[in-house]
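Here the structure is a predicted model, which means the values were calculated and not measured.
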Amino acid sequence: MENVVVLIVGAGPAGLATASCLTQFSIPYVIVEREDCSASLWRNHTYDRLKLHLAKEFCELPHMSYPAHAPTYIPKALFVKYLDDYMEVFDIQPKYLTSVESPKYENDKKCWSIVARDMAEGTTMNFIAKFLVVASGENSAENILDITGLHSFPGEAIHSSRYKSGKSFSSKSMLVIGSGNSGMEIAYDLATHGANTSIVIRSPIHVMTKELIRLGMTLAQHLPLNLVDNFLVMATKFIFGDLTRHGIRMPKMGPMNLKSKTGRSAMIDVGTIGLIKTGIIQVQGSISKIMGNIVKFQSGDEIPFDAIVFATGYKSTANMWLKKSRDQ
């Protein structure tokens, strides 16, 4: 049994930031991580060309800035190094391969009783904590859509967390499902590596440049969001034109309000829209079903594909064990 003031679950950016802030106030903590490294999503489950989509001034962790020479948009490798340096500066030492199984709040004792598993040894350990910080993020478990007939697809069907580069898919017919930032960037990467690429865009999305997003976030600190949104939508239409003819609809709510009220982010274009406009990347609507290597869309089109990439996000595993705790 280990008594701690704060138990932090997850050694990703949020967990590391929490640890550094506690250190500033000399509050003791223990940080546990189920993987064998910190920031495992960034290290092991992101594609090669990834950069932070927001400017560096919006992506710093507390109490430590990026080096002065760092580029405005931080590439994956530099971000991971920044996290490693951050851990060293604040002497953050996670307990790796430690998975929380069941936290329970003891009302009479006003503390958390937490059972965790040492995944290396196969043993259980117990913590008593005054505070429990869940920093395992929303990006924990792959979210694969349940599409009728998917089991019959003979080609490779992978989640975006396992996608690294389009090099191995050159000349193949590829379908990307999901039109968030990952989906759009993966489609671009595939197309520029010579794959015949289609992308499923089902919902309305805002398309922005990274410069527009940076400007919008700066203006939002001084102006009402509605005013910022009006400017961003006008600028977007000027830059990209009418995208409805290419199968891309704009939400009724402006991009800053949409993010604030629903958590949905704008899509930051890395060149995908240009390839869509020239027909190099084909936009498809919702999928009806899959029949072998043929994907049938609700439009009635039936197209063969060699492989499918699901850029359909993640589910939080924290919800599972927290729910289990509430049900006890």
Side-chain angles (χ1 to χ4, degrees), residues 50 53-54 58 138-139 142-148 159-160 174-191 197-217 219-220 223-289 295-301 303 308-316:
L50 179 65
H53 291 124
L54 302 180
F58 299 111
E138 297 182 351
N139 299 339
E142 299 174 357
N143 182 39
I144 301 288
L145 299 184
D146 184 16
I147 300 174
T148 302
H159 188 266
S160 58
M174 300 293 299
L175 177 64
V176 178
I177 300 176
S179 55
N181 281 302
S182 293
M184 287 292 208
E185 190 159 357
I186 287 171
Y188 176 83
D189 190 56
L190 285 166
T197 307
S198 294
I199 184 168
V200 171
I201 300 180
R202 297 172 296 167
S203 304
I205 55 173
H206 283 291
V207 179
M208 300 275 155
T209 65
K210 59 186 180 182
E211 293 81 11
L212 266 183
I213 287 290
R214 186 184 189 186
L215 178 58
M217 292 182 70
L219 291 175
L223 299 172
L225 289 188
N226 287 339
L227 189 60
V228 178
D229 275 343
N230 289 340
F231 167 74
L232 292 177
V233 169
M234 182 175 61
T236 296
K237 290 179 178 178
F238 177 78
I239 294 169
F240 295 105
D242 180 12
L243 295 178
T244 56
R245 69 183 72 178
H246 302 289
I248 300 173
R249 295 171 292 131
M250 183 180 292
K252 293 180 180 179
M253 191 181 297
M256 301 301 290
N257 273 296
L258 190 66
K259 177 65 175 178
S260 175
K261 295 177 180 179
T262 71
R264 289 178 53 199
S265 299
M267 193 282 287
I268 301 174
D269 182 48
V270 295
T272 312
I273 297 302
L275 297 186
I276 288 173
K277 285 182 173 181
T278 57
I280 294 174
I281 295 176
Q282 297 292 319
V283 172
Q284 306 294 342
S286 296
I287 295 172
S288 176
K289 60 182 176 180
V295 177
K296 183 174 182 179
F297 297 93
Q298 289 185 2
S299 63
D301 292 341
I303 304 173
I308 299 173
V309 179
F310 284 90
T312 43
Y314 297 82
K315 296 176 287 187
S316 173

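- With a 4.5 Å cut-off on side-chain heavy atoms, Thr209 and Phe240 count as touching.
- One distance of note links CD1 of Ile239 with CG of Asp269; it measures 10.0 Å at 0.5 Å rounding.
- Closest non-hydrogen pair, Ala191 versus Ile280, comes out as CB-CG2, 4.1 Å.
- Taking all atoms of both residues into account, the shortest heavy-atom contact from Ser182 to Ala311 is C-CB, 4.3 Å.
- Rounded to the nearest 0.5 Å, atoms CD1 (Ile201) and CD1 (Ile281) are 9.0 Å apart.
- At least one side-chain heavy atom of Leu232 sits under 4.5 Å from a side-chain heavy atom of Met256.
- Distance NZ/Lys277 to CD1/Ile248: 9.0 Å, rounded to 0.5 Å.
- Contact record, Leu225 with Ala220: CD2-CB, 3.7 Å, taken as the closest heavy-atom pair.
- A heavy-atom distance below 4.5 Å is found between the side chains of Pro255 and Val233.
- Here the closest heavy-atom approach between residue Val228 and residue Gly216 is recorded as CG1-O, 3.7 Å.
- At least one donor-acceptor pair under 3.5 Å links the side chain of His206 to the backbone N or O of Met253.
- In this structure, CD1 on Ile268 lies 12.0 Å from CE on Met184, to the nearest 0.5 angstrom.
- Annotation: side chain of Phe310 is in contact with side chain of Ile147 (closest heavy-atom distance under 4.5 Å).
- Side chain of His159 to backbone of Gly313: a donor-acceptor contact under 3.5 angstrom is found.
- At most 12 non-hydrogen atoms from other residues, nucleotides or ligands lie less than 6.0 angstrom from NZ of Lys237.
- The closest donor-acceptor contact from the side chain of Asn257 to the backbone of Thr262 lies at 3.5 Å or more, if one exists at all.
- Shortest non-hydrogen contact noted between Ala187 and Ile199 is CB-CD1, 4.1 Å.
- Nearest heavy-atom pair across Val200 and Gly285 is CG1-O, 3.4 Å.
- With hydrogens and angles ignored, the 3.5 Å screen pairs a side-chain donor or acceptor of Arg249 with a backbone N or O of Arg202.
- Put simply, the side chain of Leu223 does not reach to within 4.5 Å of the side chain of Phe231, judged on heavy atoms.
- For the atom pair Ile205 CD1 and Leu258 CG, the distance stands at 11.5 Å (nearest 0.5 Å).
- For the pair Leu175/Ile287, a side-chain contact is recorded, criterion being any heavy-atom separation below 4.5 Å from C-beta on.
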Subject >> Verdict with supporting geometry, Ile186 and Met174, side-chain contact (heavy atoms from CB on, under 4.5 Å) >> reply: CA-CA 10 Å; Ile186 287 171; Met174 300 293 299; over 6 Å; no
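- Gln284 CD to Gln298 CD: the interatomic distance, rounded to the nearest 0.5 Å, is 12.0 Å.
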**OP:** Apply the test side-chain contact (heavy atoms from CB on, under 4.5 Å) to residues Met250 and Thr236: give CA-CA distance (whole Å), side-chain angles for both, the deciding distance (0.1 Å), then the verdict.
**Re:** CA-CA 10 Å; Met250 183 180 292; Thr236 296; 4.2 Å; yes
